[in-house]
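Below, read A as the first sequence line, B as the second, and so on, with proteins coming before strands; counting in each chain starts at 1.
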Protein chains: 2
Amino acid sequence: MTVTSSLTKITRQTAEPLRDQILQRCRLMLMGGHVVPGQKLPLRPLAEEFNTSLMPVRDALNRLVADGALELSSSRTIRVPKMSEERLFELHEIRRSLEGLAAEYATPLLSNAAIDRLVQLIDEMAKALKAEDYDRYIQSHYSFHFTIYAAAGRPTLMGIIDMLWLQVGPWFRQGIERANAMSGNPNATHEKVVAALRARDPVATRTSIEQDVFAGLECLRKGSWQ
Amino acid sequence: MTVTSSLTKITRQTAEPLRDQILQRCRLMLMGGHVVPGQKLPLRPLAEEFNTSLMPVRDALNRLVADGALELSSSRTIRVPKMSEERLFELHEIRRSLEGLAAEYATPLLSNAAIDRLVQLIDEMAKALKAEDYDRYIQSHYSFHFTIYAAAGRPTLMGIIDMLWLQVGPWFRQGIERANAMSGNPNATHEKVVAALRARDPVATRTSIEQDVFAGLECLRKGSWQ
DNA sequence: ATATTAAAATTGTGATAACAAAATCACCAT
DNA sequence: ATGGTGATTTTGTTATCACAATTTTAATAT
């Protein structure tokens, strides 16, 4: 039995440290929901799957612990955190505040071409939902939001938002899957965001992003996140 | 020549990892402004000063890099970041947003005893300024703010705020020293915060904390942060 | 069957060593 | 003095190993 499913080996590329390659892999696993809350991530089995020594795995996982995406249990084993209703709520409060801020700043700065791309991404999300291709949905959804946040030109702010997404990641997929089954429309708020951006109305953009974040919270809190 | 001034050695305590002890030391150095922006922090000399091997130092410093408190230069040496006016502004935007949020939530939760303690801390800050004891000022100032934020009962939010303070730390001291020389009164906003808390007025608390954050920014941006 | 306990395996932490890349220094020519 | 050039040192990264603590497993007694 492997720690994670289907990991291809890490190969030594000049310049890029193994640690960073492993970190990127782990980030994708978390963001994509390919990981079970509460699951242990022991260093040695992971290192064996990646075909490296302990050290780069240790570095990558410690980084994710620092970001709150993983946690050190009482006995120091590294685990995917479980979610409490309080933590879920808190994460979305912070998300609302910071993503609203980023969206507001992005409003005058986003190019028309970028806004067109947002429309494409909304379409892609809808298609992915219909096809129940949740990996693609999650990818498009991430692109939609971070296309906006990147335009704000606030690297530290974007880093923190990214950190928050990483913490919500493991629960996002199941929330989307359930919402899709219940035939809700997770794209309604996205269209409001685009409309506000088109109108170049910073406050409206902020408000619609805030609504989107809280719609996402509702989506998640209806399920079992234990 | 040593990397940092006057570091006592780290001794192996059962239970607490060396990494965490070193991390705590480095955090105090950064928060206290006992570190020069742009300064290199090479692993081996630091490990020698702490009397440990590379590994726990490496872990602690990598953690601080993850938090944005230190940076990896192009050639991978770890350094105390320099500050640009943009980054300073961005950090304070985020601080305003999140510390305002935390203060608002703390308003109904802070005990009367805690509010009394805040008044004591304001007094302590004033005395420390008069005595030009900036270490004590920084300590009291930190306690003042985080007594409030801790009461909000939002651990993730507090962690992010703490991370932001760590990033501003190296410039905070010189800002305070200069403001003190110019005989400004950095405590005026603190008294407004206490008044708002006494009145149990969440919006007023938020507003006064936001004002305090931006007063702090003004304090810093007047100087040379390069 | 169930609880207890001891042995075995597994875990993260930390030390040491090897390595390549980068930075530094010394030396020399101009 | 100044600029270049090669040798030396210093750097972070990674591998390997030792260790104590925890977890798991297995055996035993009730």
Side-chain angles (χ1 to χ4, degrees), chain A residues 1-4 7 9-26 35-36 38-82, chain B residues 1-4 7 9-26 35-36 38-82:
Chain A
M1 185 53 184
T2 56
V3 179
T4 62
L7 289 180
K9 301 210 184 299
I10 296 280
T11 59
R12 157 121 229 132
Q13 329 244 39
T14 48
E16 182 165 40
L18 297 179
R19 177 216 331 155
D20 294 347
Q21 297 181 54
I22 294 172
L23 180 60
Q24 186 54 21
R25 289 279 188 86
C26 293
V35 107
V36 182
Q39 182 183 348
K40 291 185 188 174
L41 295 177
L43 299 182
R44 264 165 267 249
L46 264 177
E48 199 170 346
E49 289 181 46
F50 286 132
N51 200 31
T52 69
S53 77
L54 293 190
M55 301 313 298
V57 178
R58 182 174 142 80
D59 287 342
L61 264 51
N62 276 339
R63 167 67 188 259
L64 291 169
V65 170
D67 285 345
L70 298 177
E71 68 176 7
L72 252 63
S73 81
S74 59
S75 65
R76 292 179 189 166
T77 61
I78 295 171
R79 306 160 48 111
V80 182
K82 301 201 170 182
Chain B
M1 184 52 184
T2 56
V3 178
T4 61
L7 289 181
K9 300 208 185 301
I10 295 280
T11 58
R12 161 119 222 130
Q13 330 243 42
T14 48
E16 181 163 42
L18 297 179
R19 178 218 327 154
D20 294 347
Q21 297 181 53
I22 294 172
L23 180 61
Q24 186 54 20
R25 288 280 187 87
C26 294
V35 107
V36 182
Q39 180 183 350
K40 290 185 188 174
L41 294 177
L43 298 183
R44 263 166 269 250
L46 263 178
E48 199 170 345
E49 289 182 46
F50 285 132
N51 199 30
T52 69
S53 78
L54 292 189
M55 301 314 298
V57 178
R58 182 173 143 78
D59 286 344
L61 264 51
N62 277 338
R63 166 69 188 257
L64 291 168
V65 169
D67 285 345
L70 298 176
E71 69 177 6
L72 251 62
S73 82
S74 58
S75 65
R76 293 181 190 166
T77 60
I78 294 172
R79 305 159 50 109
V80 182
K82 300 202 171 181

Worksheet item: Atom CG of A/Leu43 to atom C1' of D/dA15: distance rounded to whole Å?
Response: 14 Å
Item to complete: Could you state the atom-to-atom distance from CD1 of A/Ile22 to C1' of D/dA15 in whole Å?
Response: 13 Å
Worksheet item: What is the distance, rounded to the nearest whole Å, between atom CZ of A/Arg19 and atom P of D/dG12?
Response: 11 Å
Discussion item. Please determine whether a side-chain nitrogen or oxygen atom of A/Ser75 lies at a distance below 4.0 Å from atom OP1 or OP2 of C/dG12.
Written reply: no
Discussion item. In this structure, how many angstroms lie between the P atom of C/dT10 and the NZ atom of A/Lys40, rounded?
Written reply: 13 Å
Worksheet item: Which whole-number value in Å describes the distance from A/Asn62 CG to D/dG12 P?
Response: 17 Å
Discussion item. Quick check on C/dG12: is either OP1 or OP2 less than 4.0 Å from any side-chain nitrogen or oxygen of A/Arg58?
Written reply: no
Worksheet item: For the helix from C/dA1-D/dT30 to C/dT30-D/dA1, how many degrees between its two end axes (five pairs per end), to the nearest 10°?
Response: 0°
Worksheet item: With a 4.5 Å heavy-atom cut-off, do B/Ile78 and B/Lys40 have their side chains touching?
Response: no
Worksheet, complete the sentence: B/Arg76 atom CZ is separated from C/dA23 atom P, nearest whole Å, by 12 Å
Each nucleotide N or O in nucleotides 15-17 of chain C that has a protein N or O under 3.5 Å away: list the pair and distance.
unit_1: C/dA15; atom_1: OP2; unit_2: B/Ser53; atom_2: N; d: 2.9
unit_1: C/dA15; atom_1: OP2; unit_2: B/Ser53; atom_2: OG; d: 2.4
unit_1: C/dA15; atom_1: O5'; unit_2: B/Ser53; atom_2: OG; d: 3.3

Worksheet item: Is the shortest heavy-atom distance from the side chain of B/Met55 to the side chain of B/Ser53 under 4.5 Å?
Response: yes
Worksheet item: Do B/Arg79 and B/Gln39 touch side chain to side chain, with heavy atoms closer than 4.5 Å?
Response: no
Worksheet item: How about B/Phe50 and B/Gln21: do any of their side-chain heavy atoms sit closer than 4.5 Å?
Response: no
Worksheet entry | Short side-chain to backbone donor-acceptor contact, A/Glu48 and A/Pro45, under 3.5 Å | no
Worksheet item: If every non-hydrogen atom of A/Arg76 is compared with every non-hydrogen atom of A/Leu72, which pair is closest and at what distance?
Response: O-CG, 4.2 Å
Item to complete: Could you check how far CG of B/Leu46 sits from P of D/dT10, rounded to whole Å?
Response: 16 Å
Response to the item:
CD of A/Glu49 to CZ of A/Arg25, rounded to nearest 0.5 Å, is 10.5 Å
Name every donor-acceptor pair, under 3.5 Å, that has one atom in a side chain of residues 59-70 of chain A and the other anywhere in the protein, sequence neighbours excluded.
unit_1: A/Asp59; atom_1: OD2; unit_2: B/Arg58; atom_2: NH2; d: 2.1
unit_1: A/Asn62; atom_1: ND2; unit_2: A/Arg58; atom_2: O; d: 3.4
unit_1: A/Arg63; atom_1: NE; unit_2: A/Asp67; atom_2: OD2; d: 3.4

Worksheet entry | Whole angstrom value for the distance that separates P of C/dG12 from CD of A/Glu48 | 14 Å
